[in-house]
There are 2 protein chains.
Amino acid sequence: MPPRRAIRLVRAAASRPKRQRIRLETDQRRAQLLALAKRSFSDRAYDDVSIDDLAREAKISKGLLYHYFPTKRDLYVAGLSEIADELVAAISNVPEDLAPIDRVRRSLDAYLEHITRHARAFVSLMRGGIGSDPEVAAVVEGVRTRLFDKFLHGTPFAPILRGDARFETAVRGWIGFVEHASLDWCTSARLTRDELRDLLADILHQIMRIAAPSVFPQLAK
Amino acid sequence: MPPRRAIRLVRAAASRPKRQRIRLETDQRRAQLLALAKRSFSDRAYDDVSIDDLAREAKISKGLLYHYFPTKRDLYVAGLSEIADELVAAISNVPEDLAPIDRVRRSLDAYLEHITRHARAFVSLMRGGIGSDPEVAAVVEGVRTRLFDKFLHGTPFAPILRGDARFETAVRGWIGFVEHASLDWCTSARLTRDELRDLLADILHQIMRIAAPSVFPQLAK
DNA sequence: GGCGCTATTGAAACGTAGTCAATAGCCGAT
DNA sequence: ATCGGCTATTGACTACGTTTCAATAGCGCC
């Protein structure tokens with residue numbers, strides 16, 4: 001039926017194409033949009049991702065997007081939080097019964113494994129697309145705090161030293177070290193993953209020796 | 001002369017207030033705007049500083065602002081670069097003839113001194129108001145590279161180890177450590193400045209021992 | 001087959017970055 | 001003095017992206 005096409009075109013021009021509406025459950029749609037946001041904000045900078053783009057890619061109207069996320073920033077933060085949670089979760093299934101030093105090494109393995117798999121997302125998380133937004137800062141800070149806890153969880157001296165300013169400064173600083181080194185490493189891997197892991201673990205070890213001599217009296221410098 | 005006020009009001013209403021134009025030399029105007037930008041972007045987030053605000057504060061029109069800086073981002077980057085230069089300059093006048101370890105300690109002193117004096121600017125520099133902008137990233141990266149050079153300049157092993165991946169990873173990671181620890185410290189100083197300085201210096205020392213055993217064979221772990 | 005609920009739309013409001021032709025102050029020449 | 005040119009400066013205008021909201025269409029239920 002050759003006329004079909006012609007008729008269609010006429011109808012389209014006359015009575016407006018009228019894109020068919022696809023109805024989704026709230027949860028599904030929300031999940032779809034979140035996934036899209038995570039991808040988009042990992043690939044491009046915050047300002048380079050427009051609501052129009054997102055809506056077009058999701059094949060919905062801008063209005064609907066705003067129905068699910070009251071603000072572009074909210075959408076961004078929601079995506080970032082998920083990325084953050086995934087990262088923390090990635091190092092959370094390290095066996096409990098290992099020696100502290102092995103736990104650290106295993107955690108580092110899991111951490112490095114995860115960030116190589118999700119390099120783009122990790123970079124966009126850490127570089128913090130909107131540096132000065134308090135919510136974004138809170139997400140990043142949350143990652144640090146939780147990593148701090150994970151890496152130290154189960155070590156015998158953690159309870160003793162909790163609250164010790166010198167110790168906490170040192171370990172939190174080490175987290176900064178790890179972030180920095182892994183960001184560098186993501187963009188140009190000049191060490192193997194094992195070499196980096198060993199280096200990071202060794203340095204943590206030394207840092208704890210320096211920052212908590214009371215626990216390592218025999219090693220005092 | 002009571003009528004004065006009334007006359008003024010009438011004139012103002014009739015023939016438009018016509019704000020008087022103040023002509024400035026290009027350099028002065030530019031300097032004024034840069035200073036204003038540095039202040040504003042340190043106080044508020046990038047998006048919360050509008051060109052209209054800046055123009056109003058500077059008592060000039062938007063158009064003129066765009067005459068000096070082709071883009072809001074350019075203005076921001078220009079301000080950020082100055083802050084960055086000031087930070088690097090701050091640690092640049094450490095005497096050349098000190099022992100390496102003392103140079104590091106003196107540099108750290110200068111660094112900490114500077115960031116306490118310019119805490120807000122330092123924080124906005126490091127948090128990188130626009131995380132994903134390549135120019136902004138370049139400024140921050142430039143600070144790191146230059147700090148790296150400054151801290152190591154004059155040490156005997158620097159030339160030997162330049163290019164050694166393990167060593168560079170470690171020292172660059174230490175820069176991350178320092179940034180992180182000093183950002184924390186800016187917001188809540190739980191150590192004295194001297195304690196922090198000593199901690200940072202000790203850790204650098206240990207890090208170099210670990211990362212460059214060939215230079216410290218006698219200390220190999 | 002109508003009714004109500006809600007996911008969805010489209011257009012319009014709004015704010016902010018960026019443009020540009022016109023203007024006003026300054027200075028040197030006449 | 002004043003004219004003329006140079007350039008710092010203006011302000012109205014455009015463009016574009018976020019956000020709002022009343023209207024609409026799909027779906028299940030009676």
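Letters A, B, ... mirror the listed sequences (proteins, then strands); counts begin at 1.
Between the side chain of B/Lys72 and the base of C/dT16, no donor-acceptor pair of N or O atoms lies under 3.5 Å. Within 3.5 Å, a donor on the side chain of B/Arg21 pairs with an acceptor on the base of C/dT23, or the reverse. Evaluation of atom-type donor-acceptor distances gives no pair under 3.5 Å for the side chain of B/Arg23 against the base of D/dT9. Between the base of C/dG18 and the side chain of B/Lys62 there is a donor-acceptor pair shorter than 3.5 Å.
Every pair passing ring pair (Phe, Tyr, Trp, His ring centres under 6.0 Å) that includes a residue from residues 163-191 of chain A is listed here, sequence neighbours excluded: A/Phe151-A/Trp174. Listed by first and then second residue, the salt bridge (Lys or Arg N to Asp or Glu O under 4.0 Å) pairs involving residues 120-132 of chain A are A/Asp43-A/Arg120 (not counting sequence neighbours).
Near DNA chain C, meaning a heavy atom under 4.0 Å away, the residues from residues 32-50 of chain B are B/Val49, B/Ser50.
Every residue two or more places apart in sequence or in another chain that forms a side chain to side chain donor-acceptor pair (under 3.5 Å) with B/Arg172 is listed here: A/Asp184, B/Glu141. Qualifying side chain to side chain donor-acceptor pair (under 3.5 Å) partners for B/Lys150, counting only residues two or more places apart in sequence or in other chains: B/Ser92.
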- Item | salt bridge (Lys or Arg N to Asp or Glu O under 4.0 Å) assessment of A/Asp194 paired with A/Arg197 | CA-CA 5 Å; A/Asp194 286 354; A/Arg197 179 247 287 148; 3.3 Å; yes
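For A/Tyr66, taking side-chain heavy atoms from C-beta onward, the closest of the listed nucleotides D/dT10, D/dA25, D/dT20 is D/dT20. Of the candidates C/dA17, C/dT6, D/dT18, D/dT18 carries the atom nearest the A/Ile51 side chain, counting heavy atoms from C-beta on. For B/Tyr68, counting side-chain heavy atoms from C-beta on, the closest listed nucleotide (D/dT9, C/dT8, D/dT18) is D/dT9.
Each end of the helix from C/dG1-D/dC30 to C/dT30-D/dA1 yields a helix axis from five base pairs, and these two axes differ in direction by 20° (to the nearest 10 degrees).
For the residue pair A/Thr71/A/Tyr66, the side-chain donor-acceptor check at 3.5 Å is not satisfied.
Take the nearest nucleotide of DNA chain C for A/Arg29 and for B/Gly63: the residue whose nucleotide is more 5' is A/Arg29.
Ionic pairing of A/Arg146 and A/Asp85 is present here: one or more N-O contacts between side-chain nitrogen and carboxylate oxygen are shorter than 4.0 angstrom.
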